[in-house]
2 protein chains.
Amino acid sequence: MANHMGFQAPTHDHKRCVSSALENAEEKSRVLGLRFTKTRRKVLEVLWQSHNPLGAYEILDRLQKDGRRPAPMVVYRALDFLLEAGLAHKISSCKTFIGCSTPDENHEAQFLICESCGSAAEVAGQPLAEALEKTAASAGFKINQRVVEIIGVCPNCQA
Amino acid sequence: MANHMGFQAPTHDHKRCVSSALENAEEKSRVLGLRFTKTRRKVLEVLWQSHNPLGAYEILDRLQKDGRRPAPMVVYRALDFLLEAGLAHKISSCKTFIGCSTPDENHEAQFLICESCGSAAEVAGQPLAEALEKTAASAGFKINQRVVEIIGVCPNCQA
DNA sequence: ACATAAAACGTTATGATATAACAATACATA
DNA sequence: TATGTATTGTTATATCATAACGTTTTATGT
Ligand SMILES: [Zn+2]
Ligand SMILES: [Zn+2]
Ligand SMILES: [Zn+2]
Ligand SMILES: [Zn+2]
């Protein structure tokens, strides 16, 4: 079962987001024969502590609580796996990482990022993807990868 | 007069791109009362040496040829000015900078970036901007800033 | 169960990108 | 020319990311 897209209400049951994300990851790894190891699981857990994207060194800080702080490589390697497996995304413009809310199928994510509360939400890509495709086609350009990061204010912070 | 959008043919007269970009910058600075100083001009010249975005330290390398290599701050400060003035853009996903090809009016740029030759082209934002707006609106999100960077293969490199 | 090879991990070191802070200089304008 | 403001020069440091290599764990064939 996939998590929802879009921004979650402040009152939502976030434990469900977490457990669902981890179950999805287990399941996807099992199906694809990927090794969802302890470190990788822990990093994904940390990413899902909130809907706010985290920098690699913030992730390190939070891993530290379970003992001594690991070296940066540990986190970057785990992140490489999670990105590769489609279980997390990188947000280039903020140099941060976030758990994928719809890991069922691999996809490139398009994000809305709130500059007030720091949360980020994936948005459905289809209409956007078409607009990108059209734009590229008219320039004779062949798309391989899309980076779409929209910065602004989320509905929760507007209220 | 504005430079063109889209990818330039390999045979195009690039000297015109350069002179036009610098003239535009002079003019815009004059009109807005900005100080288009020697360093800022030199950095913009370096950015316009090609249609390929450059990292800050690549820019430094190229400034070096006119004497000793300045400190990174020099380039980052000049870039801050150029970005602020709408004379250049940052491409987050590549950590690079490129001269703006349509500096007449301030705008956020959307880029096509060729992973084969490294060149990048601004594309007309209107249809895309509408798609983004629609997507955001349906999530109740208020847009302040857009990052759209499409990676793929340019028409020149497909031929 | 055992041997073997591949994958993942731990650790140290280093590279690449970006900013802070402050003194010195150039510039606008009164 | 005097005065305040913007820009520059310089040193140091913060932040983000990867290289390299030896050890441990895991999967697989015998
Ligand atoms: Zn949640
Ligand atoms: Zn918010
Ligand atoms: Zn040109
Ligand atoms: Zn190309």
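Heavy atoms only: backbone and side chains are in, while hydrogens, waters and symmetry mates are out. Convention: sequence-line order gives letters A, B, ...; per-chain numbering from 1.
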Residues that, via side-chain heavy atoms closer than 4.5 angstrom, fall in one hydrophobic cluster with A:M73: none
Partners passing salt bridge (charged side-chain N to carboxylate O under 4.0 Å, His left out) against A:R69 (at least two apart in sequence or in another chain): A:D61
Terminal contacting nucleotides, 5' and 3', DNA chain D versus chain B (heavy atom, 4.0 Å): D:dA6 to D:dA17
Residues forming a side-chain contact (heavy atoms from CB on, under 4.5 Å) with A:E23, sequence neighbours excluded: A:S19
Set of side-chain contact (heavy atoms from CB on, under 4.5 Å) partners for B:Q158, sequence neighbours left out: A:K142, B:V153
Summary of protein contacts for nucleotides 24-30 of chain C, nucleotide by nucleotide, where a base hit scores B, a sugar-phosphate-only hit scores S (4.0 Å, heavy atoms): ---S---
Transitive ILVMFWY side-chain link A:V74 to A:L79, under 4.5 Å: no
Members besides A:I143 in its Ile/Leu/Val/Met/Phe/Trp/Tyr cluster (side-chain heavy atoms under 4.5 Å): A:F7, A:L112, A:V123, A:L128, A:L132, A:F141, A:V148, A:I150, B:F7, B:L112, B:V123, B:L128, B:L132, B:F141, B:I143, B:V148, B:I150
Test side-chain contact (heavy atoms from CB on, under 4.5 Å) applied to A:P127 - qualifying residues, sequence neighbours left out: none
All ring pair (Phe, Tyr, Trp, His ring centres under 6.0 Å) counterparts of A:F111, not counting sequence neighbours: A:H89
Charged N-O contact under 4.0 Å between B:E26 and B:R30: no
Angle of first-five versus last-five pair axes in the helix from C:dA1-D:dT30 to C:dA30-D:dT1, to 10 degrees: 40°
Which residues share a side-chain contact (heavy atoms from CB on, under 4.5 Å) with A:E84, sequence neighbours left out: none
Flag side-chain contact, heavy atom, 4.5 Å: B:K42 against B:L63: yes
Protein-nucleotide distance (A:R69, atom CZ; C:dG10, atom C1'), rounded to Å: 15 Å
Side-chain N,O (A:T37) to OP1/OP2 (C:dC9) below 4.0 Å: yes
Under 4.0 angstrom between A:R77 side-chain N/O and C:dA8 OP1 or OP2: no
Contact letters for nucleotides 12-19 of chain C, in which S counts primed atoms plus P, OP1 and OP2 and B counts the base, heavy atoms under 4.0 Å: B----BBB
Interatomic distance, A:S119 atom OG to A:N156 atom CG [nearest 0.5 angstrom]: 6.5 Å
NZ or CZ of B:R40 within 45° of B:F81 ring axis and under 6.0 Å: yes
